[in-house]
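Note that ligands are numbered from 1 as they come in the structure, with each ligand's atoms numbered from 1 the same way. Heavy-atom basis, side chains included; hydrogens, waters and symmetry copies ignored. Everything numeric here is computed off the predicted structure, so don't read it as measured data.
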Amino acid sequence: MNTKYLDLLAEKYDSEEKVVTEIINLESILDLPKGTEHFVSDLHGEYQAFQHVLRNGSGKVREKINDIFKDTLSEEDINDFAALVYYPEDKLKLIKHQFNSKQALDEWYAEKIHHMIHLISYASSKYTRSKLRKALPEQFVYIIEELLYKTDEYTNKKPYYEKIVQKIISLGQAEKLIIGLSYTTQRLVVDHLHVVGDIYDRGPEPDKIMETLIGYHSIDIQWGNHDVLWIGAYAGSKVCLANIIRICARYDNLDIIEDAYGINLRPLLNLAEKYYGDNPAFRPKKHSDQNITDQEKLQITKIHQAIAMIQFKLESPIIKRRSFFNMEERLVLEKTDYEKQEITVYGKTYPLENTCFSTIDPSDPAKLLPEEEEVIDKLLLSVQQSEKLKRHMNFLMKKGSLYLKYNGNLLIHGCIPVDENGNMEQMEIEGKAYKGRELLDKFESYLRHAFAHKELTDDLATDMVWYLWTGEYSSLFGKRAMTTFERYFISDKVSHKEEKNPYYYLRENVEMCRKMLEEFELDPSQGHIINGHTPVKEIDGENPIKANGKMIVIDGGFSKAYQSTTGIAGYTLLYNSFGMQLVAHQHFNSKEDVVLNGADVLSVRRVVDKELERKKVRETNIGAKLQEEIEMLNQLMAYRYIN
Ligand SMILES: O=P(O)(O)OC[C@H]1O[C@](O)(COP(=O)(O)O)[C@@H](O)[C@@H]1O
Ligand SMILES: [Mn+2]
């Protein structure tokens, strides 16, 4: 035994009593029911909808309110109370003016505080006191604990309790307390959050989502292909950078680049103004909730073309220097016949339309103009100097990974690349073949290397990040090839099709899922694979729960752009001590609607799995860690205190 470690431990636990207390404390935690895990994915910049799901704990908050108050409060009052718990600041602002006397308002405060204390004591019943304490608003810990623990013990404490509440109100602290208690409730219903990828792109506010995640009490992230694209851009990949700007232009979200992250787009705009005009294929997608002038639209259309052409040019040298990427078919600029305005891809020739090739020299089509080169270099500099982006990317790296094994389940955004027979696809990198879990680990190590060496822009690690975005055997992309060029310039939709990896039909099969869980050394009879990435077309009858519940796909379309194909507005998954539940969210209008009308868009639940016995902390990842700690403390006990 390493006695050095025990000596160190003895500094913290310097008496027999302290060791015993800690052992008992940890042992008792092991027997508590496991905390609730909350899974979300494919947030795609939809901050408001994500906020709502977080604040209502995918319906958990309301469920608890219902449990307690269904016999004493009307449906309307329950709605109102739920809205208060989700958006306390907004609801308080609204409600305050509805009372015509101070006394009536004070009574309302007292009632709400009372309800909230009741709710918190119910929601925290499976936690230790110390864990609850950490979730309480700091400035009110003492008061809330008085209210929580002294109320029902003896009836003669009632006047004492009333008095505390009255005092809080008369000292003008009611609102602060209500706000604090609301956030405590939100925090208590979800113990841990998993974000199964794609925080970025398409929607308007990924930066705000990142801020929320940074402030969240317990979280991990499985990177999505879009997240990796942003990481790549920050890590020095110019082609990833061109992509993120192109996507922002396409979705009319250049504000994210300019305003949220403070990246100067002026040089790109100047280039765009010089070489490009209007072009229907590059006009930004319409947002229902955003009005832009024709002039702005034209400007975005020009930027969109300028950056798309830079992107295509930057792809070419990477494809050439990394022959093992096997992407020659994607040398689209070289395959284009500029005279005839046509292209031959995958053996078929198509006419090109809406082209914008004015910066292209047909004899060397992938060569960047010096101006283009200057623009992308300046952009990269600006990206790497953005303090906010740096903070967000560091957080993605710290909390993120390509896949995660957590409480027996495998969490992964995209797929595990396989062939039609279900064998793991093999990729040779630097003379060595990798497949399955090893391949994913190799990808991750390149990504981390690229991130650690931001000054390198053309090395293998940086190119590999782009491969993760678009390569055939990328576990994040999961398709044969990305047909971006075709979608801009070819009208025949056949050419747009992106063929999915066989994983996407084989994952319907139980045996296949078991095999993949085994590949990751997980128990196939207990584990599930949790995927994001491909929107489940519930509208066409597709089931998000596949392979007898072994496979759960939770991309339900938070992204507004995809809601017409899914028919719903996102799935989330809850995993508590009773089992797993998938929640389907209906279209989320606005926070204002919830606050004003209590219109909480109710979610449909489906039981994925029911635990035969309530699952305890002992059986979780955290439980395993606690057991190790207990073991160490037992050793310390024997070494120091028991003779
Ligand atoms: O919907 P858009 O903007 O045309 O983007 C389509 C592109 O997005 C992708 O679907 C990747 O994004 P997802 O990870 O959200 O699926 C590519 O396969 C495809 O080329
Ligand atoms: Mn994705």
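- Between F489 and N354 the shortest heavy-atom distance is CE2-O, 3.2 Å.
- Ligand 1 has an N or O atom lying under 3.5 Å from an N or O atom of R487, backbone or side chain.
- Remark: R480 qualifies as a cation-pi partner of Y346 under the 6.0 Å distance and 45° angle criteria applied to the six-membered ring.
- When the Mn ion (ligand 2) is compared with the N/O/S atoms of H413, atom NE2 turns out nearest.
- Close contacts between ligand 1 and F477 involve ligand atoms 18 (O) [criterion: under 4.0 Å to a heavy atom].
- Of all protein heavy atoms, the one lying nearest to atom 5 (O) of ligand 1 is R202 NH2, 3.2 Å.
- Minimum-distance N/O/S atom of D198 relative to the Mn ion (ligand 2): OD2.
- Geometrically, ligand 1 and Y251 share a nitrogen or oxygen pair separated by less than 3.5 Å.
- Near H44, with a cut-off below 4.0 Å to any heavy atom, the atoms of ligand 1 are 15 (O).
- None of H528, H192, H194 except one satisfies the ring-ring contact (aromatic ring centres under 6.0 Å, His included) rule with F39; the exception is H194.
- Taking 2.8 Å as the threshold, T534 does not count as a candidate ligand of the Mn ion (ligand 2), since none of its N, O or S atoms lies below it.
- For ligand 1, one of its N or O atoms has an N or O atom of H226 under 3.5 Å away.
- The residues R321 and D458 are annotated as salt-bridged, a charged nitrogen and a carboxylate oxygen being separated by less than 4.0 angstrom.
- Y488 and F282 have parallel rings, their planes meeting at less than 30° on a 0 to 90° scale where 60° marks the start of perpendicular.
- Below 4.0 Å from some heavy atom of M482 lie the following atoms of ligand 1, by number and element: 20 (O).
- In summary, the atoms of ligand 1 found under 4.0 Å from a heavy atom of E498, numbered by their order in the structure, are 17 (C), 18 (O), 19 (C), 20 (O).
- Proximity to N225 (heavy-atom distance under 4.0 Å) selects the following atoms of ligand 1: 11 (C), 12 (O), 13 (P), 14 (O).
- The aromatic rings of F485 and F357 lie parallel to each other, their planes meeting at an angle below 30°, with 60° marking the opposite boundary.
- Within H533, the N, O or S atom lying nearest to the Mn ion (ligand 2) carries the name ND1.
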Determine, stepwise, if the pair E334 / R330 fulfils salt bridge (charged side-chain N to carboxylate O under 4.0 Å, His left out).
-> CA-CA 9 Å; E334 280 83 349; R330 300 311 308 159; over 6 Å; no

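- Not one N, O or S atom of H226 sits under 2.8 Å from the Mn ion (ligand 2).
- Here the protein heavy atom with the shortest distance to atom 1 (O) of ligand 1 is Y562 OH, 2.8 Å.
- Under 4.0 Å is where a charged nitrogen must lie from a carboxylate oxygen, and between R437 and E521 at least one such pair does.
- The two residues H585 and T572 come nearest to each other via the heavy atoms NE2-OG1, 2.7 Å.
- The proximity of T484 to ligand 1, defined as any non-hydrogen pair under 4.0 Å, does not occur for either the backbone or the side chain.
- Within the 3.5 Å criterion, the main-chain N or O of G277 finds no donor-acceptor partner in the side chain of K302.
- Residue-ligand proximity, K479 to ligand 1, at heavy-atom distances under 4.0 Å covers atoms 10 (O), 17 (C), 18 (O).
- Taking distance alone, with nitrogen or oxygen atoms compared against 3.5 Å, W469 stays at or beyond that limit from ligand 1.
- Atom 4 (O) of ligand 1 has as its closest protein heavy atom R250 NH2, 2.7 Å.
- Between R202 and E46 there is no salt bridge, since no side-chain N of the basic residue sits under 4.0 Å from a carboxylate O of the acidic one.
- In this pair, H533 and Y504 present their aromatic rings tilted. The plane angle is within the 30 to 60° band.
- In terms of N/O distances under 3.5 Å, ligand 1 is approached by D198.
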